[in-house]
**Student:** 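Input: one structure, supplied below.
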Amino acid sequence: MTRLDHEEYVELVLTCVERVPRGRVTTYGAIAEVVGTVAGGGGPRLVGSVMAMHGGPVPWWRVVRADGSLPPSHEVDARPHYLDEGTPLRPSGNVDLKQAFWRPPALG
DNA sequence: AATATGACTGTCT
DNA sequence: AAGACAGCCATAT
């Protein structure tokens, strides 16, 4: 996994993120599974790294952690988007995965 | 080549 | 409920 494969991995991850419907979210793990199936490996950390490096131009706020929360710094930036998209939120302030979780479609 | 790190996750305490 | 630990994969130093 490196060089061009890396680029493809990035593309797959970003594609999944872009495919997340409004008001819905997915998790790093879910993306890692779907992308990993095609890319033949990878893991949540990789998705995280990819998002950190190339997640800028995509709706990264639709990708949350397994507990429905985002890194504190980003959570603040994401909140307005959730409010705008009508994403189900829990009293705690994080996303209600019970309702908002969206499973990315199997690529390839 | 080895160690440390990260926008992660699951289990145990 | 909240913190500690280990597993996981790729990149950076």
Side-chain angles (χ1 to χ4, degrees):
Chain A
M1 271 304 233
T2 178
R3 245 172 50 79
L4 208 43
D5 285 338
H6 163 68
E7 207 176 303
E8 181 143 292
Y9 191 91
V10 172
E11 290 270 339
L12 292 171
V13 171
L14 296 184
T15 297
C16 282
V17 177
E18 286 177 354
R19 276 182 145 221
V20 178
R22 271 177 72 101
R24 290 291 174 79
V25 299
T26 191
T27 67
Y28 294 92
I31 294 180
E33 272 194 53
V34 173
V35 174
T37 303
V38 179
R45 309 298 300 253
L46 268 301
V47 178
S49 291
V50 171
M51 292 302 289
M53 293 190 288
H54 306 277
V58 300
W60 49 262
W61 57 87
R62 292 181 189 158
V63 185
V64 301
R65 289 173 58 158
D67 63 349
S69 64
L70 233 54
S73 24
H74 292 136
E75 184 182 0
V76 185
D77 289 335
R79 188 165 292 128
H81 286 291
Y82 293 149
L83 297 177
D84 177 53
E85 300 182 0
T87 305
L89 297 177
R90 295 197 61 167
S92 330
N94 51 16
V95 176
D96 186 351
L97 285 179
K98 220 167 60 168
Q99 299 179 54
F101 178 69
W102 174 84
R103 175 100 193 241
L107 302 161

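Proteins get letters first, then strands, A, B, ... in listed order; numbering begins at 1 in each. The structure presented is a predicted model; accordingly, all values stated were derived computationally and were not measured.
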**Student:** In this structure, how many angstroms lie between the P atom of dC8(B) and the CE atom of M53(A), rounded?
**Tutor:**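 After rounding, the gap between these two atoms is 13 Å.
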**Student:** Under a 4.5 Å cut-off applied to non-hydrogen side-chain atoms, are V58(A) and M51(A) in contact?
**Tutor:**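 Of all side-chain heavy-atom pairs linking M51(A) with V58(A), at least one is under 4.5 Å.
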**Student:** Just to verify, which of V20(A), V35(A), V34(A) counts as forming a side-chain contact (heavy atoms from CB on, under 4.5 Å) with P104(A)?
**Tutor:** V34(A)
**Student:** Kindly write out the residues that satisfy ring-ring contact (aromatic ring centres under 6.0 Å, His included) with W60(A), not counting sequence neighbours, or none if the list is empty.
**Tutor:** H74(A)
**Student:** Return the value, rounded to whole Å, for the distance between atom OH of Y9(A) and atom P of dC9(C).
**Tutor:** 10 Å
**Student:** Between residues 74-83 of chain A and DNA chain C, which residues have a heavy-atom gap below 4.0 Å?
**Tutor:** none
**Student:** Using side-chain contact (heavy atoms from CB on, under 4.5 Å) as the criterion, point out the one residue from V63(A), L97(A), V47(A) that pairs with T27(A).
**Tutor:** L97(A)
**Student:** What is the distance, rounded to the nearest whole Å, between atom CG of L12(A) and atom C1' of dC9(C)?
**Tutor:** 16 Å
**Student:** Can you check the N94(A) CG to dA7(B) P distance for me, whole Å?
**Tutor:**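 Taking CG of N94(A) and P of dA7(B), I get 19 Å after rounding.
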**Student:** Nearest whole Å is fine: how far is dG6(B) C1' from H54(A) NE2?
**Tutor:** 14 Å
**Student:** Is it the case that dC8(B) (base atoms only) and R45(A) (side chain only) share a donor and an acceptor within less than 3.5 Å, ignoring hydrogens and angles?
**Tutor:**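 Yes, the side chain and the base share a sub-3.5 Å donor-acceptor pair.
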**Student:** Of the options N94(A), L83(A), D96(A), which is the one that meets L89(A) in a side-chain contact (heavy atoms from CB on, under 4.5 Å)?
**Tutor:** L83(A)
**Student:** Which nucleotide wins on minimum distance to the side chain of A52(A), given the candidates dA7(B), dG6(B), dT9(B)?
**Tutor:** dA7(B)
**Student:** Please give, in whole Å, the distance from dA10(C) C1' to Y28(A) OH?
**Tutor:**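 Atom OH in Y28(A) sits about 16 Å away from atom C1' in dA10(C).
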**Student:** In whole angstrom, what separates R65(A)'s CZ from dA2(C)'s C1'?
**Tutor:**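 Computing the R65(A):CZ to dA2(C):C1' distance gives 13 Å.
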**Student:** Just the atom pairs and distances: protein N or O near nucleotides 1-5 of chain B's N or O, under 3.5 Å.
**Tutor:**
none

**Student:** Measure from CD1 on I31(A) to C1' on dT9(B) and round the result to the nearest Å.
**Tutor:**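 Value for this atom pair: 14 Å.
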**Student:** Side chain of L46(A), heavy atoms from C-beta onward: which of dT9(B), dA10(C), dA7(B) has the nearest atom to it?
**Tutor:**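 The answer is dA10(C), which lies nearest to the side chain.
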**Student:** With a 4.5 Å heavy-atom cut-off, do R19(A) and W102(A) have their side chains touching?
**Tutor:**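 Heavy-atom side-chain distance check passes, below 4.5 Å.
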**Student:** Under 3.5 Å, is there a donor-acceptor pair between the side chain of Y9(A) and the main chain of V50(A)?
**Tutor:** no
**Student:** Quick one: does E18(A)'s side chain get under 4.5 Å of R62(A)'s, heavy atoms only?
**Tutor:** no
